[in-house]
There are 2 protein chains.
Amino acid sequence: MAQYSAHLDGVFVALADPTRRAVVRRLGRGPASVGDLAREFPMTLPSFMKHVRTLESNGLIRTVKSGRVRTCVLNRERLGLVEDWLAEQRRIWEERTDRLEQFVTAPEENPQ
Amino acid sequence: MAQYSAHLDGVFVALADPTRRAVVRRLGRGPASVGDLAREFPMTLPSFMKHVRTLESNGLIRTVKSGRVRTCVLNRERLGLVEDWLAEQRRIWEERTDRLEQFVTAPEENPQ
DNA sequence: GCGACAGTTAGCCCTTGCGCTAACTGTCGC
DNA sequence: GCGACAGTTAGCGCAAGGGCTAACTGTCGC
């Protein structure tokens with residue numbers, strides 16, 4: 001659970017950049033090499049590599065190097081952390097609206 | 001749609017900080033004043049205010065000042081942008097697995 | 001073996017983000 | 001009116017983020 005939020009932080013940080021979100025999106029369609037990915041973005045390869053490293057170190061993708069080409073694949077379960085967080089938000093919200101309902105259906109607690 | 005992704009960017013940036021996520025979570029239970037919120041975090045008020053401003057300028061919360069107290073309320077629909085993005089990821093993924101199925105069920109395309 | 005090719009490392013620049021203190025503004029309550 | 005109280009503004013320091021170039025490493029293909 002402590003790890004949970006530490007990871008969550010990294011995931012949100014990783015997704016807070018449009019380039020990296022685009023990579024995630026692209027990898028949703030299947031694995032790709034760093035070079036293939038990089039070609040779609042207006043930046044140099046070293047710059048692009050930093051994004052790849054960020055995504056990898058935050059667990060959103062995994063990469064394997066075979067020969068001279070490094071292949072990236074999406075690690076889909078990591079996106080689950082975001083889904084879980086959103087679900088928790090929804091739960092909190094629903095608990096709240098439940099309390100509000102109780103409030104209005106128990107008018108003796110409500111001076112007015 | 002252009003606005004969509006511009007906003008999306010801001011939302012992810014805003015959520016990429018644990019303090020701000022905690023504020024969102026807290027506001028899920030109902031509105032609160034800046035001071036009340038700030039009291040839960042180990043930082044000075046001016047520092048905390050920056051987070052509030054970030055959340056507000058990215059549309060995750062709305063704030064109203066009445067007298068000397070500023071009240072913050074969650075703008076729940078903004079979280080919907082994240083949900084939409086995740087849903088899109090899922091859709092892309094599912095399209096992909098559909099294609100994979102086609103592939104294995106059409107073995108004449110597959111040398112081996 | 002040698003050139004081309006894919007990726008990597010090192011180092012730089014500049015901007016942004018996040019924290020702080022100090023000092024100020026405006027409102028409340030007596 | 002005056003002190004306390006809630007928030008605000010200004011400005012500073014430092015670390016991290018995202019881009020670049022230049023130069024290097026290791027693999028492939030002929």
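Note on naming: letters A, B, ... go to the chains in the order of the sequence lines (proteins, then strands), and numbering restarts at 1 for each one. Just so you know, these numbers come straight off a predicted model, no measurement behind them.
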Taking for A:Ser66 and for A:Thr54 the nucleotide of DNA chain D with the nearest heavy atom, the one nearer the 5' end belongs to A:Thr54

Does a side-chain N or O of B:Arg70 approach OP1 or OP2 of D:dT8 to a distance below 4.0 Å, or not? yes

Length of the line joining B:Phe41:CZ and C:dG19:C1', which is rounded to integer Å: 15 Å

Starting at atom CG of B:Asp9, determine the distance to atom P of C:dG17, rounded to an integer number of angstrom. 11 Å

Rounded distance in Å - NZ (B:Lys65) to P (C:dT25): 13 Å

Just how far, in rounded Å, is P of D:dA10 from CZ of B:Arg53? 12 Å

B:Leu15 side chain near B:Asn58 side chain, heavy-atom distance below 4.5 Å: no

Let's see if you can work this out: which of D:dG7, C:dA22, C:dG7 has an atom nearest to the side-chain heavy atoms of A:Leu45? C:dG7

When rounded to whole Å, the CE to P distance for the pair A:Met43 and D:dG19 reads 4 Å

Distance check: side-chain N/O of A:Ser47 vs OP1/OP2 of D:dG18, anything under 4.0 Å? no

Spacing of A:Arg68 atom CZ relative to C:dA6 atom C1', expressed in whole Å: 6 Å

Quick check: on DNA chain C, is the nucleotide nearest B:Asp17 upstream (toward 5') of the one nearest A:Arg39, or the reverse? Name the residue that is more 5'. A:Arg39

Straight-line distance of A:Phe41 CZ to A:Arg20 CZ, nearest 0.5 Å: 11.5 Å

Any N or O donor-acceptor pair linking the side chain of B:Lys50 to the base of C:dG19 at under 3.5 Å? yes

For DNA chain D, which ranges pair as stems of 3 or more consecutive Watson-Crick or G-U pairs, with both donor-acceptor distances under 3.5 Å? C:1-30 with D:1-30

Here's one to test your reading of the geometry: is the NZ or CZ of A:Arg96 within 45 degrees of the ring axis of A:Trp93 and under 6.0 Å from its centre? yes

Rounding to an integer number of Å, can you tell me how far B:Leu55 CG sits from C:dG17 C1'? 14 Å

I need the NE2-P distance between B:His51 and D:dT8, as an integer number of Å. 15 Å

Between B:Phe12 and A:Phe12, how do the two ring planes meet: parallel, tilted or perpendicular, split at 30° and 60°? tilted

Pair A:Arg26 + A:Asp36: basic N to acidic O under 4.0 Å: no

Taking the side chain as every heavy atom from C-beta outward, state whether B:His51 and B:Leu37 have any pair of such atoms under 4.5 Å apart. no

For a quick check of understanding: with a heavy-atom distance under 4.0 Å over all strands, which category does B:Thr19 fall into, base, sugar-phosphate or nothing? nothing

Could you check whether A:Ser33 gets within reach of a base, just the sugar-phosphate, or nothing at all, counting any heavy atom under 4.0 Å? sugar-phosphate

OP1 or OP2 of D:dG18 sitting under 4.0 Å from any side-chain N/O of A:Arg20? yes

Considering only heavy atoms from C-beta outward, does the side chain of B:Glu95 approach that of A:Arg29 to under 4.5 Å? no

